[in-house]
Amino acid sequence: MATKLSVNINKIATLRNSRGGNNPDVVQAAVNCQLFGADGITVHPRPDERHIRYSDVREISKIITTEFNIEGNPKEDKFVNLVLEVKPAQVTLVPDDPGQLTSNHGWDTIKERVYLRNIIEIFKKEGIRVSIFVDPAEKIVAGAGDTGTDRVELYTEDYARHYLQSKENAIAPYLKAAATATLYGLGINAGHDLDMDNLAYFKQSIPALLEVSIGHAIIADALYYGLENVIQLYKRKL
Ligand code: PXP
């Protein structure tokens with residue numbers, strides 16, 4: 001089974017914002033990623049709009065022909081309202097703090113079970129598939145099984161950090177987490193720090209992997225190889 005590649009285009013917005021104009025054009029970049037073979041586009045609007053802006057999300061939603069995935073913290077009403085307005089194929093709920101550089105932890109699905117159940121129901125009622133960002137811990141994934149979520153997104157920073165020392169050790173907690181997800185009938189997504197080197201082994205080890213969302217490494221590699229080549233190279237890994 002092929003795993004879908006959703007390209008996170010936040011970094012393109014960061015580059016645009018650094019000069020204040022519209023170069024590079026984020027909406028055009030989304031169109032091009034699709035043309036180059038991406039199976040989806042991911043955006044992660046944050047309250048300070050330091051990369052993707054809420055207006056970008058609205059614009060992209062009009063042109064998207066692949067899967068649109070919006071990530072963010074549902075504890076901000078502005079985020080929830082945006083997702084309900086745009087109705088993407090998938091919303092990925094991430095418990096990040098407003099000023100956080102990048103996501104650095106998953107949900108505590110046990111402590112936050114009631115909260116998650118309620119918020120997930122709101123999105124699902126609107127026909128939006130829900131994924132929740134989780135650390136690769138069996139009890140956390142089992143807890144996700146009790147929230148009504150369709151999928152979990154396994155937070156892969158730890159995998160990426162340990163991959164070069166020992167890929168077998170690096171993948172071990174993810175194998176257990178993935179088995180638990182399957183046991184509870186949850187689909188499996190993954191993301192954070194996946195790259196050209198570590199992606200193929202992750203996919204081979206977890207064949208049930210439905211989707212990866214990758215931003216930083218794809219945009220960094222595109223400086224050397226070009227965006228079209230990079231998207232194709234990553235797709236081949238999957
Ligand atoms: N998944 C989530 C929940 C994220 O917050 C991010 C980063 O915005 C990613 C995936 C993609 O991570 P990376 O940019 O390291 O590929």
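In listed order, ligands and their atoms are each counted from 1. All figures in this text were calculated on a predicted structure; none of them were measured in a lab.
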Does ligand 1 have any N/O atom under 3.5 Å from a protein N/O, and what are those pairs and their distances?
residue  : atom   : partner : partner atom : Å
ligand 1 : 1 (N)  : Glu71   : OE2          : 3.2
ligand 1 : 1 (N)  : Glu153  : OE2          : 2.6
ligand 1 : 5 (O)  : His44   : ND1          : 3.2
ligand 1 : 5 (O)  : Glu71   : OE1          : 3.4
ligand 1 : 5 (O)  : Ser103  : OG           : 2.5
ligand 1 : 14 (O) : His216  : N            : 2.9
ligand 1 : 15 (O) : Asp193  : N            : 2.8
ligand 1 : 16 (O) : Gly215  : N            : 2.8

Exercise. Hey, is Arg129 close enough to Asp150 for a salt bridge, meaning N to O under 4.0 Å?
Worked result: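 Asp150 and Arg129: not salt-bridged.
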
Exercise. Where do Met196 and Asp221 come nearest, in terms of heavy atoms and distance?
Worked result: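 Smallest heavy-atom distance, with atoms named: CE-OD2, 3.6 Å.
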
Problem set entry | Ring geometry between His192 and Phe133 (parallel below 30°, tilted from 30 to 60°, perpendicular above 60°) |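 Taking His192 first and then Phe133, their aromatic rings sit tilted (interplane angle of 30° to 60°).
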
For this session: Describe, in one word, how the ring planes of Phe202 and Tyr174 are oriented to each other, choosing from parallel (under 30°), tilted (30 to 60°) and perpendicular (over 60°).
Result: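 Because their plane-to-plane angle is over 60°, the rings of Phe202 and Tyr174 count as perpendicular.
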
Exercise. Would Arg161 and Asp158 satisfy salt bridge (charged side-chain N to carboxylate O under 4.0 Å, His left out), going step by step from the backbone distance to the final call?
Worked result: CA-CA 5 Å; Arg161 190 143 35 89; Asp158 240 36; 2.9 Å; yes

Exercise. Going by the salt bridge (Lys or Arg N to Asp or Glu O under 4.0 Å) test, which pairs reach into residues 223-238, not counting sequence neighbours?
Worked result: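 Sorted pair list: Asp39-Lys235.
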
